[in-house]
Amino acid sequence: MKYNQYAYVDTDFQEQIKELTDINFLPKNYQDWSFSNLLAKMIKNVLAEAKSDQAKTTKLAEFAVSDKQTLTVFLASDPQKIGTNQFYNVALQLLGYHVDYDYNLASPTGFMQKHALPFIQDIDNTDKLIHAFYRLLNTRAKNGQILLDVMAGKGYFTQFWGQNKFMFFNGKSIPVFNTNKVIREVVYVESDLDTDEDGKSDLLQTTIFRPAESNSGLKVPALYTASPYFGGIIENEKRNHNVDENLSDATEWENPQYKAAPTVKATQPGDENKAATEEAIHKSSYPLNEYMLARGFASVFAGGIGTRGSDGLRSTGSPEETESAKEIVEWLHGDRIAYTDRSRKHETKAFWCNGNIGMTGRSYLGTLQIAVATTGVKGLKTVVSEAAISSWYDYYREHGLVIAPSECQGEDLDLLAETCQSNLWDAGSYLKIKPKYDAMQKTLLKGEDRATGQYSNFWEARNYRHNSDGIKCSWISVHGLNDWNVKPKNVYKIWQKVAKMPMKHHLFLHQGPHYNMNNFVSIDFTDLMNLWFVHELLNLENNAYKQWPTVMIQDNLQADTWHEEKDWNNSIGKAVTYYPTNNHELFKDVNGTEKMSFTDVGGQEFKKAKISESKWQYKFICGNKKWAEPSLRFESDEFIHPVTIVGRPEVKIRVSSSLDKGQISVALVELGKRKRLTATPKLLMRDGQELGYRFGTDTLQEFVPAKETKAKLITKAHMNLQNYADMKKPSKIEADKFYDLDFKLQPTYYTMPIGSKLALIIYSTDEGMTKRPLENDTYTVDLAGTEIKFSQK
């Protein structure tokens, strides 16, 4: 596995000397030191767990420079140079690798080349020695962190605690802040909203973790995570909507409207500034924030309206949620009032904040970043939005159908609001809020319209992409190409807008499902974000804008390969069209002429089988006879060279239904027995990454080749036949009459290996995502009007 490193900034030698001297790693009078003594000194400095020179000296005997000599013996000979293999035998041991288990003392550089670890040749003078150590401190260790962070976890930087200033190394902030004295406080930001309609503005509980040094005049940036889950979640496993029901006539759709909540103008900030009087009892829930907190960045969490400690009602995805999340940024920037407690008597200011705010978080947390960014709120400088929803319709619906997020069949907007309405946990709030909450649930249930699945003004109000012109901050999106919870269309469609905007923007696409990527082996994402936040929030010119490509995409065959692209859309490939043929083959230049039929039985057989949706999907794509029968399958020839499918495939299908309604699903699948990457990253070193000194940990992980499988889903999509003429407006259809459907699949970036086959599957009921009708429906596909088009590299 390669430990790819994109965050290392090329630094001239004089700057290397300055940085090494600033952190007391290189003696100021290093020119007066002999080669041997300087070598010993710098090795000892890495051994931060040993707190005296005597302890460090004794530990040198634990290292070997070759298969015949220990480091202690080597240093006793007063060497004036050190061989490449000798130096990197020691270096690998410092990086946490073990002789014989990980590498051989006879060939350390061979091991380093295999794992993409950098090394310097022929260290025969002091300057080369200094350069070699500078690069080594910036080299990723076995636990995935750079060696400097490993030293930090052992307490190296405690010597700088109390200096009340940021320190930087290779363009990144280093942990020189006392993590034992982090200030943990709660304040109450006053909103302009009155979502519970009590005549008073809603108060929004906000939790802050900040360096103690920020109480002594140091201004620090804030990393703000808008997390509706932060105060806890209400779990009700039996609450999901029933999906085992027949499709409705979508023309009964009434275009539900969005109705805004009342507003009450909040008090304007004054001159008073009292200290917060409530201590935070919750913990920071995001490792990236914790990592940066140890490096001087405040970590701020707020659940927003309806969450525990706050007033109001949850209304999933609404403009009110956007407003309440935005208002925290306004307080951090100094443009809104907050109080020390719920009495509203004393104002408290974010006096410690330098006015620069970044947002972090995954899923709903990433979604609210998009929402807030579209407002153009002052002070928001950057977002790092992971696995985020850009339109709630694209989360719970698709092409006129009710579609579930992966493994959440039957969930919807109202139920997510219930999950996050955590202020109901407090009995006093419960008595006040419950009647209004019940009314909101009815409003959401009506507005989401599970009967027809159609787009409406209700959903339009929850489409952040329509407000993308308001985005002013720099932008980083992170998404899993196998995320069937927040499907890739959400990041793809907002990226098509952001990529054309003038602010700096980046996109990371990994091979995971609904996952973070800050602790992968194959990429130094946390270091990249350190570099990014330092540039965006501390205004340090550190080459962050030029350090890595605009788009980084993890390969689906080799997890440690990252493709560097300028963009992600169909234009980065060449268009090709495949046609299904009469004999179930898929060809580029021949289209079929027959009409072929299959009978869909909805969820009847699935319900009898009592298997999970994921097991059904695997059996289905593999062609298991029982589950493949209600579908049409077309297979290509084997690929004789690798081909990468990029962007959004588009399918055209001429189809009829034996009923006056229907749903069509389409899947693209890679066929062929081979070992594929694990669906989720394998945990390689649990709690092996120290986020600071005795300040929390993270776990190293990565996708690895797993057991042999027969097939892999590439992408899929679903469509209501009644939307054949207009995706936003249903039409009546007649039974047994053919209609031309034209719709796009979820976007992808997928390499077909040599020997694999591409399969196009046309079916109706997707047991894991669509409704599961109780009646049979026979679909007939006219192959003469059917094709699949995509771009390939």
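The first residue in the sequence is number 1, and the count goes up from there.
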Check whether Thr678 reaches the backbone of Pro681 with its side chain - one donor and one acceptor, N or O, closer than 3.5 Å.
no
Side chains of Asn143 and Gln145: donor-acceptor distance under 3.5 Å anywhere?
yes
Test of ring centre spacing under 6.0 Å for Tyr8 and Trp548
no
Could you tell me whether Lys707 atom NZ has more than 12 heavy atoms of other residues or ligands within 6.0 Å of it?
no
Going by atom types alone, do Glu702 and Gln554 pair a side-chain donor with an acceptor below 3.5 Å?
yes
Does the ring center of His505 lie less than 6.0 Å from the ring center of Trp495?
yes
Partners meeting ring-ring contact (aromatic ring centres under 6.0 Å, His included) with Phe157 (sequence neighbours left out)
none
The salt bridge (charged side-chain N to carboxylate O under 4.0 Å, His left out) partners of Lys793 (sequence neighbours excluded) come to Glu565
Looking only at heavy atoms, the pair that brings Leu60 and Leu47 closest together is CD2-CD1, 4.2 Å
Examine the side chains of Asp127 and Asn125 and answer whether a donor and an acceptor come within less than 3.5 Å of each other.
no
Side-chain donor or acceptor of Gln701 paired with backbone N/O of Val521 under 3.5 Å:
no
Under the side chain to side chain contact (heavy atoms under 4.5 Å, CB included) test, residues paired with Thr526 that sit two or more places apart
Leu288, Tyr291, Asn518
Look at the side chain of Arg135 and the backbone N and O of Pro118, then say whether any donor-acceptor pair between them is shorter than 3.5 Å.
no
Does Asp53 pair with Lys44 as a salt bridge, N-O distance under 4.0 Å?
yes
Spell out, as yes or no, whether a donor-acceptor pair under 3.5 Å connects the side chain of Thr644 to the backbone of Thr751.
no
Could you tell me if His514 and Asp483 have a donor-acceptor pair between their side chains, going purely by distance under 3.5 Å?
yes
Who passes side-chain hydrogen bond (donor to acceptor under 3.5 Å, both in side chains) against Gln5, sequence neighbours left out?
none
If I compare all heavy atoms of Leu38 with all of Pro27, which pair ends up nearest, and what's the gap?
CD1-CD, 3.8 Å
Cut-off 3.5 Å, side chains only: do Asn85 and Ser66 have a donor facing an acceptor?
no
Can you see whether Trp562 engages Ser522 through a side-chain donor-acceptor pair at a distance of less than 3.5 angstrom?
yes
Does atom NZ of Lys675 have more than 12 heavy-atom neighbours from other groups under 6.0 Å away?
no
Audit row: Trp532, Thr382, side chain to side chain donor-acceptor pair (under 3.5 Å) steps and yes/no:
CA-CA 9 Å; Trp532 184 257; Thr382 192; 2.8 Å; yes
Can you list everything that forms a salt bridge (charged side-chain N to carboxylate O under 4.0 Å, His left out) with Arg362? Sequence neighbours excluded, please.
none
Using the benzene-type ring in the case of Trp, are the ring centres of Phe13 and His131 under 6.0 Å apart?
no
Donor-acceptor contacts, no H, no angles, side chain residues 209-217, under 3.5 Å, sequence neighbours left out:
unit_1	atom_1	unit_2	atom_2	d
Arg210	NE	Glu185	OE2	2.7
Arg210	NH1	Ser214	OG	2.8
Arg210	NH1	Asn215	OD1	2.9
Arg210	NH2	Glu185	OE1	3.4
Arg210	NH2	Glu185	OE2	3.2
Arg210	NH2	Asn215	OD1	3.2
Glu213	OE2	Asn178	N	3.3
Ser214	OG	Pro211	O	2.6

With Asp149 as reference, evaluate Arg295, Lys172, Glu690 under the side-chain contact (heavy atoms from CB on, under 4.5 Å) test and give the passing residue.
Arg295
Side chain of Thr158, backbone of Gly155: donor and acceptor closer than 3.5 Å?
yes
Nearest heavy-atom neighbours spanning Ser36 and Leu75:
OG-O, 3.6 Å
Hey, what's the ring geometry for Phe87 with Phe133, parallel, tilted or perpendicular (30° and 60° as the breaks)?
perpendicular
side-chain hydrogen bond (donor to acceptor under 3.5 Å, both in side chains) partners for Asn37, two or more places apart:
Ser34
If you count heavy atoms of other groups shown closer than 6.0 angstrom to NZ of Lys378, is the number above 12?
no
Got a donor-acceptor contact below 3.5 angstrom from the Asn89 side chain to the Ala64 backbone?
no
Glu15/Lys18 salt bridge by N-O under 4.0 Å criterion:
no
Set of residues satisfying salt bridge (charged side-chain N to carboxylate O under 4.0 Å, His left out) with respect to Lys682, sequence neighbours excluded:
none
Taking only residues two or more places apart in sequence or in another chain, which ones pass ring-ring contact (aromatic ring centres under 6.0 Å, His included) with Tyr492?
Trp568
Check Leu218, Asn539, Leu538 against Asn354 for a side-chain contact (heavy atoms from CB on, under 4.5 Å) and give me the one that passes.
Leu538
How close do Gly296 and Pro221 get, counting heavy atoms only, and between which atoms?
O-CD, 4.0 Å
Plane angle bin for Phe119 and Tyr88 - parallel if under 30°, tilted between 30 and 60°, otherwise perpendicular
perpendicular
Between the side chains of Asp102 and Lys142, is the shortest nitrogen-to-carboxylate-oxygen separation below 4.0 Å, so that they form an ion pair?
yes
Contact summary for Asp122 and Lys128, nearest pair of heavy atoms:
O-CD, 2.9 Å
For Phe168, which residues count as a ring-ring contact (aromatic ring centres under 6.0 Å, His included) partner, sequence neighbours excluded?
none
For Met501 and Ile471, the nearest pair of non-hydrogen atoms, with its separation, is SD-CB, 4.2 Å
Acceptor/donor pairs from residues 110-117 side chains to any protein atom, 3.5 angstrom cut, sequence neighbours excluded:
unit_1	atom_1	unit_2	atom_2	d
His115	ND1	Met1	O	2.6

Distance-only, no hydrogens or angles: does the Asn4 side chain make a donor-acceptor pair with backbone N or O of Ile523 under 3.5 Å?
no
Does a side chain donor of either Tyr545 or Glu536 reach within less than 3.5 Å of an acceptor in the other side chain?
yes
Tyr134: which residues meet the ring-ring contact (aromatic ring centres under 6.0 Å, His included) condition with it, sequence neighbours left out?
Phe169
Is it the case that the side chains of Ser477 and Ser385 hold a donor-acceptor pair, with the cut-off being a distance below 3.5 Å and no angle test?
no
Ring-ring centroid check His510 Phe520, cutoff 6.0 Å
yes
Could you give me the CA-CA distance, side-chain angles and deciding distance for Phe166 and Phe177, then say whether ring pair (Phe, Tyr, Trp, His ring centres under 6.0 Å) is met?
CA-CA 8 Å; Phe166 284 89; Phe177 298 90; 5.1 Å; yes
Under 3.5 Å, is there a donor on one side chain and an acceptor on the other for Asp555 and Thr561?
no
Going by ring pair (Phe, Tyr, Trp, His ring centres under 6.0 Å), Phe508 matches just one of Tyr749, Trp475, Phe525. Which one?
Phe525
Could you verify whether a donor N or O on one side chain and an acceptor N or O on the other, from Gln689 and Asn519, lie under 3.5 Å apart?
no
